[in-house]
Amino acid sequence: MREPNAVDFWRGIALITIFINHIPGNVFQNYTYSQYGISDAAELFVFLAGWSIGIATRGRDGVPEPALRTVLRLLSRMVEVYRAQLVITAIALAMLAGAALYLDNPLLVEWHNAGPIFSDPIQATVGWVTLLHQLGFFNILPLYVVLLGLAPAFVLLSRLHLGLAIGISVLVYAVSLVFEINIPSWPVEGHWFFNPLCWQLLLVLGFAAHEWRRSSERFLAWRRRLMPLGVVIVIVGAVLSWFNLRPDPLAVPEPRLLFIFDKSYLSPARLVHFLGVMLAFQAVFGLVQPRAGWLTRQLAGLGRNSLAVFSVGSVASLGAQLIRFWTGGGFATDVFVVGCGLASLSFTAWFVEWRSRSPRPSSAA
């Protein structure tokens with residue numbers, strides 16, 4: 001397994017934060033960094049996905065791999081993520097149905113947009129299998145599926161000119177933002193919670209940052225020089241969050257998404273805040289690793305196995321929600337469900353790597 005690195009370290013932090021934030025109302029949610037700014041772990045997760053694509057599509061010598069290999073690599077990963085989404089959605093539906101039966105509370109099957117799947121299973125089954133119908137808190141992987149489907153085009157464009165890939169990405173983002181273009185949901189009317197046409201910009205920026213880090217001394221120099229600006233952005237975001245200062249969507253001019261803090265469309269304010277966070281905390285891994293090696297190894301282990309860990313975390317967070325509902329919540333319950341959840345994430349990362357290290361028995365002749 002690769003040694004701990006900044007990408008896996010931060011991805012591990014993102015996975016823990018997403019897990020905790022997917023248990024609404026728990027006491028530990030108040031201490032995640034998403035409570036002190038206008039962006040959250042979702043931005044970090046997608047940005048690092050783009051960075052990882054930059055690593056994965058180059059050989060050990062740093063030379064870009066053949067185009068066909070890149071396309072097949074990214075599309076195969078897309079299939080893996082799609083499969084994981086189907087599995088965790090099916091488990092979530094069974095958990096909601098089982099809890100409704102056990103607690104004799106039919107309202108539980110209405111949780112998180114699950115109602116149509118039980119009331120109109122023919123249409124809704126087609127919907128969730130095609131990702132057009134998504135459960136609440138189970139909508140990040142569908143975004144990732146579409147982004148991986150788009151990624152080959154941006155990677156291959158970047159080999160012609162990185163600026164071309166970025167320019168097209170910015171254009172798609174701007175048009176989607178101004179005209180509020182999003183993928184519709186079905187059979188329930190609405191749109192995707194995470195708009196892939198906007199969030200693709202963050203994936204491309206992550207990929208571009210990796211490319212610049214490899215080849216541009218100027219990028220590295222400006223990244224260090226802009227650290228104070230990042231600190232200022234983080235402070236401003238903390239003030240806005242602390243005092244709940246947000247633009248009124250009904251009072252801003254059109255196009256309104258340019259001015260509000262909208263998560264679905266990755267509004268500019270959220271994007272700027274996230275980039276500020278990256279600038280402000282860019283040196284944290286280098287400071288933490290020599291002083292807390294065990295912690296960095298644990299977090300990096302989560303990040304190395306992000307898909308399995310995220311999938312288990314999604315199911316565990318729903319289980320935690322159901323336990324809190326059943327018991328009425330409280331500090332002791334939060335300690336129990338969050339502690340058990342974090343243990344399950346760590347075990348998942350260990351188990352995936354244990355399986356990969358274990359010798360496989362040879363097949364019989």
Side-chain angles (χ1 to χ4, degrees), residues 15-32 34-35 40-42 82-143 145 184-194 263-264 308-348:
L15 288 164
I16 290 175
T17 304
I18 290 171
F19 165 70
I20 294 174
N21 286 340
H22 281 190
I23 311 172
N26 83 88
V27 66
F28 298 100
Q29 187 177 21
N30 297 324
Y31 303 100
T32 59
S34 56
Q35 304 300 307
D40 58 31
Y82 172 72
R83 181 177 59 190
Q85 172 65 13
L86 294 187
V87 170
I88 64 174
T89 300
I91 293 173
L93 292 171
M95 290 172 67
L96 291 172
L101 291 171
Y102 181 77
L103 299 176
D104 193 23
N105 188 339
L107 292 179
L108 287 172
V109 297
E110 301 287 338
W111 274 26
H112 307 323
N113 204 28
I117 298 174
F118 295 103
S119 63
D120 186 8
I122 295 177
Q123 292 192 80
T125 298
V126 175
W128 71 264
V129 170
T130 58
L131 307 182
L132 294 176
H133 184 83
Q134 300 166 14
L135 302 184
F137 300 111
F138 287 78
N139 41 31
I140 293 181
L141 289 188
L143 166 69
V145 169
S185 58
W186 185 86
V188 178
E189 291 187 6
H191 295 88
W192 281 31
F193 181 77
F194 289 100
K263 185 172 184 176
S264 294
V309 170
F310 179 87
S311 299
V312 169
S314 297
V315 173
S317 64
L318 178 58
Q321 292 177 45
L322 292 170
I323 291 173
R324 293 184 82 252
F325 175 80
W326 176 40
T327 62
F331 180 75
T333 301
D334 288 346
V335 171
F336 174 75
V337 297
V338 172
C340 290
L342 294 179
S344 70
L345 301 188
S346 295
F347 175 79
T348 300

Under 3.5 Å, is there a donor-acceptor pair between the side chain of [X] and the main chain of [Y]?
{"X": "Asn139", "Y": "Gly136", "result": "no"}
{"X": "Asn113", "Y": "Gln134", "result": "yes"}
{"X": "Gln29", "Y": "Gly25", "result": "yes"}
{"X": "Asn26", "Y": "Ile20", "result": "yes"}

Which residues pass the side-chain contact (heavy atoms from CB on, under 4.5 Å) test with [X], not counting sequence neighbours?
{"X": "Val145", "answer": "Met78, Val81, Tyr82, Leu131"}
{"X": "Ala100", "answer": "Leu108, Val109"}
{"X": "Ala42", "answer": "Asp40, Phe194, Trp199, Lys263"}
{"X": "Glu110", "answer": "none"}

Using the side chain to side chain donor-acceptor pair (under 3.5 Å) criterion, which residues pair with [X]? Sequence neighbours excluded.
{"X": "Thr32", "answer": "Asn21, Ser34"}
{"X": "Thr89", "answer": "Gln85"}
{"X": "His112", "answer": "Gln321"}
{"X": "Asp120", "answer": "Gln123"}

Distance (rounded to the nearest 0.5 Å) between [X] [atom1] and [Y] [atom2]:
{"X": "Ile122", "Y": "Ile117", "atom1": "CD1", "atom2": "CD1", "result": "14.0 Å"}
{"X": "Asn105", "Y": "Leu322", "atom1": "CG", "atom2": "CG", "result": "10.5 Å"}
{"X": "Phe138", "Y": "Ser317", "atom1": "CZ", "atom2": "OG", "result": "5.5 Å"}
{"X": "Ile88", "Y": "Ser311", "atom1": "CD1", "atom2": "OG", "result": "5.0 Å"}
{"X": "Ile91", "Y": "Leu318", "atom1": "CD1", "atom2": "CG", "result": "10.5 Å"}
{"X": "Phe137", "Y": "Ile18", "atom1": "CZ", "atom2": "CD1", "result": "12.0 Å"}

Criterion side chain to side chain contact (heavy atoms under 4.5 Å, CB included) on Val309 and Phe19, from CA distance to verdict: CA-CA 10 Å; Val309 170; Phe19 165 70; over 6 Å; no
Write down the atom of [X], the atom of [Y], and the distance for their closest heavy-atom approach.
{"X": "Phe28", "Y": "Val338", "value": "CD1-CG2, 3.7 Å"}
{"X": "Thr130", "Y": "Val126", "value": "OG1-O, 2.7 Å"}
{"X": "Pro116", "Y": "Val188", "value": "CG-CG2, 3.4 Å"}

Student check: side-chain heavy atoms of Ser264 and His191 closer than 4.5 Å: no
Minimum side-chain heavy-atom gap Phe193-Leu143 below 4.5 Å: no
Exceeds 12 heavy-atom contacts within 6.0 angstrom, atom CZ of Phe336: no
Exceeds 12 heavy-atom contacts within 6.0 angstrom, atom CG of Asp104: no
Summary of salt bridge (charged side-chain N to carboxylate O under 4.0 Å, His left out) pairs that have at least one residue in residues 334-348, sequence neighbours excluded: Arg324-Asp334
Sequence neighbours excluded, every pair satisfying salt bridge (charged side-chain N to carboxylate O under 4.0 Å, His left out) that has a member inside residues 122-134: none
Could you go through residues 340-347 and list every donor-acceptor pair under 3.5 Å that involves a side-chain atom there, pairing it with any protein atom two or more places apart or in another chain?
unit_1 : atom_1 : unit_2 : atom_2 : d
Ser344 : OG     : Gly341 : O      : 2.5
Ser346 : OG     : Leu342 : O      : 3.3

Qualifying ring-ring contact (aromatic ring centres under 6.0 Å, His included) pairs, either residue in residues 308-331, two or more places apart: Phe45-Phe310, Trp111-Phe325
